[in-house]
Engineer: 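Quick one: this structure, given as structure tokens, is what I'll be asking you about.
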Amino acid sequence: MKIIRDTQRNCARMAAEEYRKLLNENPHCVLGLATGSTPEMLYEELVALCKAGKLSFKDVTTYNLDEYVGLDGSHPQSYRYFMDSHLFNLVDIDKTRTHVPCGVGVTDEMAAHYDDEIKQAGGVDLQLLGIGHDGHIGFNEPCDHFPVRTHEVALTESTRRANARFFAGEDEVPAAAYTMGVGTVMAARRVLMIVTGADKADILHRAFCGPVTPWVPASILQFHPDVTLICDEAAWSGMKA
Ligand code: PGA
């Protein structure tokens, strides 16, 4: 595992540099993308690099990790809306190549088909991840097994509480989401995880220094052959404990 530590802004800059290299080496690459507070600065950096002509998304294909059940792409808290407003509408990407799991009218079978689509596109070259306070990746919440494929999941109270800041209140946060499975994430050729803030120090330590267990879903990354972890000093402080 490659580990990079610095300030939050420099973490975003260094992550953006990984994308600049990848997109220049492989303009047709497939990116697995994420939402939430963690990637916001990275997307700002990527938009700036694209505007400066240092990278292009013209031939890139993207697959997002997850979407809330019940929200369509016009809902301001949907992840499709987030991606459009933070990245896709601001760079030269072909929107028809951008994929976010559909939040409405989806059956289990349709959700699992997302994995087939990713495979047909050649598989994910670089999967971006944050980590939830409970160790979730995507919306794979702690449970007694590692879910393999894209599926519907009930959100835990802790996740709904953490995400309430984006909604009018905790009750407004959807109770379920569609998420890539842990197997989908592990199939990516490379994983880039960004973790910032002292509030993530404990879970970062449990994920990378504790036992591999589905009760800390991110711990499975200990078995991934190519993970880059970019974190700030505050998040890293738990690793020294
Ligand atoms: P955050 O979420 O970036 O909003 O902290 C991370 C996650 O839940 O994966």
Side-chain angles (χ1 to χ4, degrees), residues 1-19 32-46 64-66 79 82 86 126-147 153-167 170 173 177 179-182 184-186 188 190-241:
M1 181 169 69
K2 184 171 156 199
I3 300 172
I4 301 174
R5 289 154 39 202
D6 210 312
T7 62
Q8 196 181 352
R9 176 55 70 180
N10 282 342
C11 284
R13 291 201 177 116
M14 280 185 283
E17 179 56 17
E18 299 286 328
Y19 284 86
L33 295 177
T35 52
S37 303
T38 305
E40 279 183 24
M41 266 190 210
L42 165 63
Y43 293 153
E44 281 171 24
E45 296 293 331
L46 291 179
N64 261 77
L65 280 169
D66 43 21
Y79 287 162
F82 176 103
H86 285 85
L126 181 60
Q127 177 65 55
L128 177 64
L129 293 177
I131 188 171
H133 293 103
D134 58 5
H136 70 220
I137 46 174
F139 270 131
N140 291 282
E141 301 282 26
C143 69
D144 60 6
H145 66 290
F146 289 112
V153 64
L155 300 182
T156 60
E157 213 182 302
S158 116
T159 296
R160 294 184 75 212
R161 205 177 314 121
N163 289 3
R165 67 190 192 279
F166 300 114
F167 290 83
E170 196 176 323
V173 182
T179 180
M180 282 186 190
V182 172
T184 325
V185 169
M186 287 295 281
R190 251 187 95 192
V191 171
L192 175 63
M193 176 177 260
I194 304 178
V195 187
T196 57
D199 57 315
K200 298 279 177 74
D202 177 56
I203 193 61
L204 183 63
H205 182 262
R206 286 171 60 208
F208 289 100
C209 301
V212 174
T213 164
W215 295 104
V216 181
S219 64
I220 192 84
L221 295 174
Q222 293 181 39
F223 290 153
H224 193 286
D226 196 349
V227 177
T228 300
L229 171 65
I230 299 187
C231 60
D232 66 0
E233 291 294 340
W236 183 258
S237 62
M239 301 291 257
K240 293 178 206 151

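Because the structure is a prediction, the values reported are computed rather than measured. Note: hydrogens, waters and symmetry copies are ignored here, and every other heavy atom, side chains too, is used.
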Engineer: Sequence neighbours left out, what passes side chain to side chain contact (heavy atoms under 4.5 Å, CB included) with A154? Give chain and number order.
Structural biologist: none
Engineer: Among residues at least two apart in sequence or on other chains, which ones pass salt bridge (Lys or Arg N to Asp or Glu O under 4.0 Å) with R190?
Structural biologist: E18
Engineer: Which side chain to side chain donor-acceptor pair (under 3.5 Å) pairs, counting each pair once, include a residue from residues 191-202, with sequence neighbours left out?
Structural biologist: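 For residues 191-202: H133-D199.
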Engineer: Short question: side chain of H224, backbone of A188 - any donor-acceptor pair under 3.5 Å?
Structural biologist: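 At least one qualifying donor-acceptor pair exists.
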Engineer: Suppose we screen for ring pair (Phe, Tyr, Trp, His ring centres under 6.0 Å). Which residues come up paired with Y43, at least two apart in sequence or across chains?
Structural biologist: none
Engineer: At what distance, to the nearest 0.5 angstrom, does CD1 of I3 lie from OG1 of T228?
Structural biologist: 10.0 Å
Engineer: Please check if the side chain of Q222 supplies one atom and the backbone of P211 the other of a donor-acceptor pair under 3.5 Å.
Structural biologist: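 Judged by distance alone, no pair lies under 3.5 Å.
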Engineer: Quick check: do F208 and M1 have side-chain heavy atoms less than 4.5 Å from each other?
Structural biologist: yes
Engineer: Nearest heavy-atom pair of I194 and A15: which atoms, and what distance?
Structural biologist: CD1-CB, 3.7 Å
Engineer: With a 4.5 Å heavy-atom cut-off, do I137 and I220 have their side chains touching?
Structural biologist: yes
Engineer: Could you tell me which non-hydrogen atom of G36 sits nearest to which non-hydrogen atom of E40, and how far apart they are?
Structural biologist: O-CG, 3.7 Å
Engineer: Please collect all salt bridge (charged side-chain N to carboxylate O under 4.0 Å, His left out) contacts where either partner lies in residues 215-235, sequence neighbours excluded, each pair once.
Structural biologist: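 Sorted result for residues 215-235: R5-E233, E233-K240.
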Engineer: For the atom pair CZ (R165) and OG (S37), what is the distance rounded to the nearest 0.5 Å?
Structural biologist: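 It comes to 3.5 Å.
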Engineer: Indicate yes or no for a side-chain donor-acceptor contact from D144 to the backbone of P214 under 3.5 Å, with no hydrogens or angles considered.
Structural biologist: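 No: the side chain of D144 does not pair with the backbone of P214.
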Engineer: How long is the straight-line distance from OG1 of T179 back to OH of Y79, given to the nearest 0.5 Å?
Structural biologist: 9.5 Å
Engineer: Kindly give the heavy-atom pair with the smallest separation between A218 and I131, and that separation in Å.
Structural biologist: CB-CD1, 3.6 Å
Engineer: With sequence neighbours left out, write down each residue that passes side-chain hydrogen bond (donor to acceptor under 3.5 Å, both in side chains) with T156, or none if nothing qualifies.
Structural biologist: D134, E141, T159
Engineer: Rounded to the nearest 0.5 Å, what separates atom CG in L42 from atom CD1 in I230?
Structural biologist: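 Rounded to the nearest 0.5 Å, the CG-CD1 separation comes out at 8.5 Å.
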Engineer: Please list, chain by chain and in numerical order, all residues satisfying side-chain hydrogen bond (donor to acceptor under 3.5 Å, both in side chains) with E44, sequence neighbours excluded.
Structural biologist: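 With sequence neighbours excluded, E44 shows a side-chain hydrogen bond (donor to acceptor under 3.5 Å, both in side chains) to R9, given in chain and number order.
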Engineer: Suppose we screen for ring pair (Phe, Tyr, Trp, His ring centres under 6.0 Å). Which residues come up paired with H86, at least two apart in sequence or across chains?
Structural biologist: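 Scan of H86 (ring pair (Phe, Tyr, Trp, His ring centres under 6.0 Å), adjacent residues dropped) gives F82.
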Engineer: Residues two or more places apart in sequence or in another chain: which of them pass side-chain hydrogen bond (donor to acceptor under 3.5 Å, both in side chains) with R13?
Structural biologist: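 Result, side-chain hydrogen bond (donor to acceptor under 3.5 Å, both in side chains) vs R13: N10.
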Engineer: Which atom pair, heavy atoms only, marks the closest approach of E170 to R160?
Structural biologist: O-NH2, 3.6 Å
Engineer: Using the side chain to side chain contact (heavy atoms under 4.5 Å, CB included) criterion, which residues pair with A201? Sequence neighbours excluded.
Structural biologist: S237
Engineer: Got E17 and E45 here, is their nearest side-chain heavy-atom distance under 4.5 Å?
Structural biologist: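 When only atoms from C-beta onward are counted, E45 and E17 do not touch, as no gap falls below 4.5 Å.
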Engineer: What's the shortest heavy-atom distance between C231 and W236, and which atoms?
Structural biologist: SG-CE3, 3.5 Å
Engineer: Can you list everything that forms a side chain to side chain contact (heavy atoms under 4.5 Å, CB included) with A177? Sequence neighbours excluded, please.
Structural biologist: F139, V153, L155
Engineer: With rounding to the nearest 0.5 angstrom, report the CG to OG1 distance, N163 to T35.
Structural biologist: 8.5 Å
Engineer: Examine distances only and state if a side-chain atom of S219 and a backbone atom of T213 form a donor-acceptor pair shorter than 3.5 Å.
Structural biologist: yes
Engineer: Side-chain contact test, heavy atoms from C-beta onward, threshold under 4.5 Å: evaluate it for Q127 versus L65 and give yes or no.
Structural biologist: yes
Engineer: Compare all side-chain heavy atoms of F146 with those of V212 and state whether any distance is below 4.5 angstrom.
Structural biologist: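 A side-chain contact exists here, since the closest heavy-atom pair is under 4.5 Å.
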Engineer: With sequence neighbours left out, write down each residue that passes side chain to side chain contact (heavy atoms under 4.5 Å, CB included) with A198, or none if nothing qualifies.
Structural biologist: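 A198 satisfies side chain to side chain contact (heavy atoms under 4.5 Å, CB included) with A234 only.
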Engineer: Could you grab the distance from atom CE of M193 to atom CG of L128, nearest 0.5 Å is fine?
Structural biologist: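 Answer rounded to 0.5 Å: 9.5 Å.
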Engineer: Considering only heavy atoms from C-beta outward, does the side chain of L229 approach that of L221 to under 4.5 Å?
Structural biologist: no
